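Since we're looking at a predicted model, the values are computed, not measured. For ligands, and for the atoms within them, numbers begin at 1 and follow the listed sequence. Nothing fancy with the numbering, it's 1 onward along the sequence. Computed over heavy atoms, backbone and side chain alike; hydrogens, waters and symmetry mates excluded.
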Amino acid sequence: MTAEIQQVLKDVWGYDEFRPLQRSSIDCVLARQDSLTVLPTGGGKSLCYQVPALCLEGMAVVVSPLISLMKDQVDALQSCGVAAAFVNSSQSNAEKIEVANQIRRGDLKLLYVAPERLLTERMLTFLKQVPISFVAIDEAHCISNWGHDFRPEYRDLRVLKKHFPNLALHAFTATASEAVRKDITTQLDMQDVRILVGDFDRPNLTYRMLRADNRLQQVLEIIARHPGESGVVYCISRKEVERVAAAIQATGTTALPYHAGLEDEARKSHQDAFIKEQCQVIVATVAFGMGIDKSNVRYVIHAGLPKSIEHYQQESGRAGRDGLQSECVLIYSGADVVMWKKIMEGDSPEAFAGAVQSLNSLSDLCASSKCRHRALVEYFGQSYHRENCGACDVCLNELELVEDPITISQKILSCVARLQERFGAAHTAKVLAGAKDQRIRELQHDRLSTFGLLASDGQATVRQWIDQLVTQGYLERRGEYQQLAISESGRRLLRRDGAPRLTANSPKQRRQTNSQSNSSNDWDGVDRELFEVLRKLRSQEAAARSVPAYVVFSDATLRELARHRPMTVDEFSTIKGVGEKKVTDFSDIFLAAINDYARQAR
Ligand code: ADP
Ligand code: ZN
């Protein structure tokens, strides 16, 4: 079987090897052992069930939550010559009957279907009469109300095991939370389940977290680093979405808004324009994202703080699914937290408290000067082994650091000690900055020796340093009111033993970030001019077939073509990402373009 699946990978998808977790996941499917595979976005979950579906007898049923996702997956499979189809409400009766006939004839290897349709009496009865190889459940976190995309119709999937006791279930998700994982396997009543968890790091993403300082200007600068490339900008409110979209549009880059306030029709057409690359930038609230399989999103900008680290991971994770280097920038300020609190005012007290805690964790992460890759991976409970990731603002030394962090830290720690470890960050910052408000006077904190010790740095900066000392473990937050306390390493720091990192807060002096710092290797040896020629050709071919451009060829494959410049069909077929069907469909036209280009270049 090993040789066979390897061959399928090569012939159908044009790839030479599996990624490590894909192998194990596929082995479960082949062995008919229930499994849950957790891999981050872009990790390659689809192949884990698509490859074995082609090797096993019968048809695999894939449960998928959204029509747009199903369509994308089926388009991609058909473009590789795989017999796949979906049934959903977007189809006419005639189309549905045609799919049913294909199933009866045993022509299909994969059938995509939404949970509510799968669980209808009619569908179940029908499927019980045909040979099914296994059931794959995509976006399986939708089954859990611990997750961020809970869908009640997913809940009902627990009856699957009753209807198909002999079929193995294989669930797939990108969600890292332990609680959600547990929920998935219990809800689905999985037996002797194998749980496979991949590496959560996304090494091809470069993370930057910037303090807001003329947000709009910051957003436009980032977009300007990516001429002609696709990107997503997330904003907190609809109003912001409209404002930012208009501003981008005014610079001559095509941008469209996407939020829950728009008519369904408009939302759909904006999303379509983005997927088909008729529009470069989508400016959106969190409403946008799920159902987007677009693999060549080259940057994701958060023009305001997302709701939580989980949300950040999800949303920023939409960049670079194709594995090529991509940029994720988060622009944040304290005002964002205030704004979120306003939005969530109506929530129950528990929900509100939980949400505030999530926001604080993310603010802490932003303000900290710990490697972003490390911080994210460790947050999700994995360890990170590289000293310098080479792909975040911290490791790339883009953060301006203060010159004497120890002295500043000592001032802060002494103030916490003087306050007898009984006050929170906000109050401590006020005392250090020398704010004389009523409460401070009542408590006589203006008489403390540490009062006003950091007055020239301002309260906001001091607050940020406190957060940094917390994330670096010198300070701890304790108790119901999150009072600051000095940790063991904080005590050592008071004796000048330690190496805190505190960021300087003078945005005007901030070094220009160098967008080239990480983008060199993916482009190594790529003839960029040829790449542009091929990209245009890809657009035309995609439009002619009514599929997204990345379904024709991924950016990664397009770069390979512009790197190796194949001149013959044989050479063409060795390119990574070119399977047999792609050779048949596209070799003539792409080879002609490459040969043309080579002739002109001579
Ligand atoms: P996920 O569903 O986990 O977000 P996808 O299944 O969409 O990820 O895969 C992401 C990208 O990686 C796709 O462009 C896919 O073709 C590519 N890919 C998957 N597996 C491999 C592999 N073994 N070798 C090369 N590319 C792969
Ligand atoms: Zn780093």
Side-chain angles (χ1 to χ4, degrees), residues 5-6 8-10 12-26 37-51 62 64 69 72-73 75-77 79-80 82 136-141 172-175 196 198-209 289-297 313-314 317-324 326 328 365 368-378 384-399 501 517-518 548-560 575-579 582:
I5 62 168
Q6 202 73 35
V8 166
L9 183 71
K10 179 75 194 149
V12 180
W13 281 274
Y15 297 140
D16 294 321
E17 52 200 28
F18 287 104
R19 297 173 181 156
L21 208 89
Q22 285 179 326
R23 249 342 284 247
S24 322
S25 181
I26 288 172
T37 301
V38 188
L39 264 179
T41 310
K45 288 183 285 296
S46 331
L47 287 194
C48 297
Y49 55 83
Q50 291 170 349
V51 173
V62 184
S64 174
L69 274 180
D72 235 35
Q73 294 262 340
D75 277 348
L77 283 166
S79 83
C80 293
V82 175
I137 295 154
D138 206 6
E139 311 287 352
H141 59 279
F172 298 86
T173 179
T175 304
L196 300 160
D199 188 345
F200 270 88
D201 187 39
R202 299 279 312 274
N204 63 316
L205 303 187
T206 296
Y207 296 109
R208 298 190 160 91
M209 297 185 179
M290 183 146 163
I292 301 299
D293 253 356
K294 187 170 161 62
S295 68
N296 61 342
V297 173
Q313 170 89 351
Q314 248 305 272
R318 301 202 165 107
R321 289 179 88 127
D322 52 15
L324 298 178
S326 310
C328 301
L365 196 152
S368 95
S369 44
K370 180 171 170 180
C371 166
R372 312 297 188 187
H373 282 271
R374 174 182 293 275
L376 286 168
V377 164
E378 288 181 351
Y384 190 75
H385 301 291
R386 296 175 63 181
E387 224 18 85
N388 185 312
C389 74
C392 81
D393 50 357
V394 177
C395 295
L396 292 168
N397 268 326
E398 293 172 359
L399 292 188
R501 289 161 61 93
S517 54
N518 74 324
Y550 56 88
V551 164
V552 172
F553 284 127
S554 71
D555 272 23
T557 301
L558 216 56
R559 287 190 199 180
E560 286 285 284
I575 298 291
K576 202 170 147 186
V578 179
K582 299 269 165 101

Under the side-chain contact (heavy atoms from CB on, under 4.5 Å) criterion, do Phe172 and Val62 qualify, and how do the steps go?
CA-CA 11 Å; Phe172 298 86; Val62 184; over 6 Å; no

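- Protein heavy atom in closest approach to atom 8 (O) of ligand 1: Gly44 N, 3.1 Å.
- Annotation: side chain of Leu396 is in contact with side chain of Thr206 (closest heavy-atom distance under 4.5 Å).
- Ligand 1 has no atom lying under 4.0 Å from any heavy atom of Gly323.
- In this structure, the protein non-hydrogen atom closest to atom 27 (C) of ligand 1 is Arg19 NH2, 3.3 Å.
- Between Leu47 and ligand 1, not a single N/O pair is under 3.5 Å apart.
- Taking every heavy atom of both residues into account, Phe18 and Ile5 meet most closely at CZ-O, 3.8 Å.
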Should Val394 and Lys370 be marked as a side-chain contact (heavy atoms from CB on, under 4.5 Å) after you check the CA-CA gap, both sets of side-chain angles, and the distance that decides it?
CA-CA 7 Å; Val394 177; Lys370 180 171 170 180; over 6 Å; no

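- Around atom NZ of Lys576, no more than 12 heavy atoms belonging to other residues, nucleotides or ligands sit under 6.0 Å away.
- By heavy-atom distance, the residue among Lys294, Gln50, Arg321, Glu139 lying nearest atom 4 (O) of ligand 1 is Arg321.
- Between Lys45 and Asp138 there is no salt bridge, since none of the side-chain N atoms of the basic residue sits less than 4.0 Å from a carboxylate O of the acidic one.
- With ligand atoms numbered from 1 in the order given, ligand 1 contributes 3 (O) to contacts under 4.0 Å with heavy atoms of Pro40.
- Close contacts of ligand 1 with Thr41, meaning ligand atoms under 4.0 Å from a residue heavy atom, involve 4 (O).
- Using a 4.0 Å cut-off between heavy atoms, Ser46 contacts ligand 1 through both its backbone and its side chain.
- For the residues Tyr49, Phe172, Tyr15, Phe18, the heavy atom positioned nearest atom 26 (N) of ligand 1 is part of Tyr15.
- Counting only distance, with no hydrogens or angles, the side chain of Arg318 and the backbone of Lys294 share no donor-acceptor pair below 3.5 Å.
- Here's the thing with Gln22: one of its N/O atoms is less than 3.5 angstrom from an N/O atom of ligand 1.
- Residue-to-ligand polar distances keep Lys576 apart from ligand 1: every N/O pair is separated by 3.5 Å or more.
- In this structure, SG of Cys371 and SG of Cys395 enclose an angle of 110° at the Zn ion (ligand 2), rounded to 10°.
- Annotation: Glu17 places an N or O atom under 3.5 Å from an N or O atom of ligand 1; distance criterion only.
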What's the verdict on side-chain contact (heavy atoms from CB on, under 4.5 Å) for Trp13 and Gln50, showing C-alpha distance, side-chain angles and the deciding distance?
CA-CA 11 Å; Trp13 281 274; Gln50 291 170 349; 3.6 Å; yes

Step by step, work out the side-chain contact (heavy atoms from CB on, under 4.5 Å) result for Glu139 and Ser64.
CA-CA 7 Å; Glu139 311 287 352; Ser64 174; 5.8 Å; no

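- The nearest protein heavy atom to atom 13 (C) of ligand 1 is not closer than 4.0 Å.
- Of the possible polar contacts, none joining the His373 side chain to the Cys392 backbone as a donor-acceptor pair under 3.5 Å is found.
- Put simply, part of Gly42 is less than 4.0 Å from ligand 1, judged by heavy atoms.
- Using a 4.5 Å heavy-atom threshold, the side chains of Tyr550 and Asp293 count as touching.
- Residue contacts with ligand 1, taken as heavy atom pairs separated by less than 4.0 Å, do not involve Ala556 at all.
- Among the atoms of Cys392, an N, O or S atom falls under 2.8 Å of the Zn ion (ligand 2).
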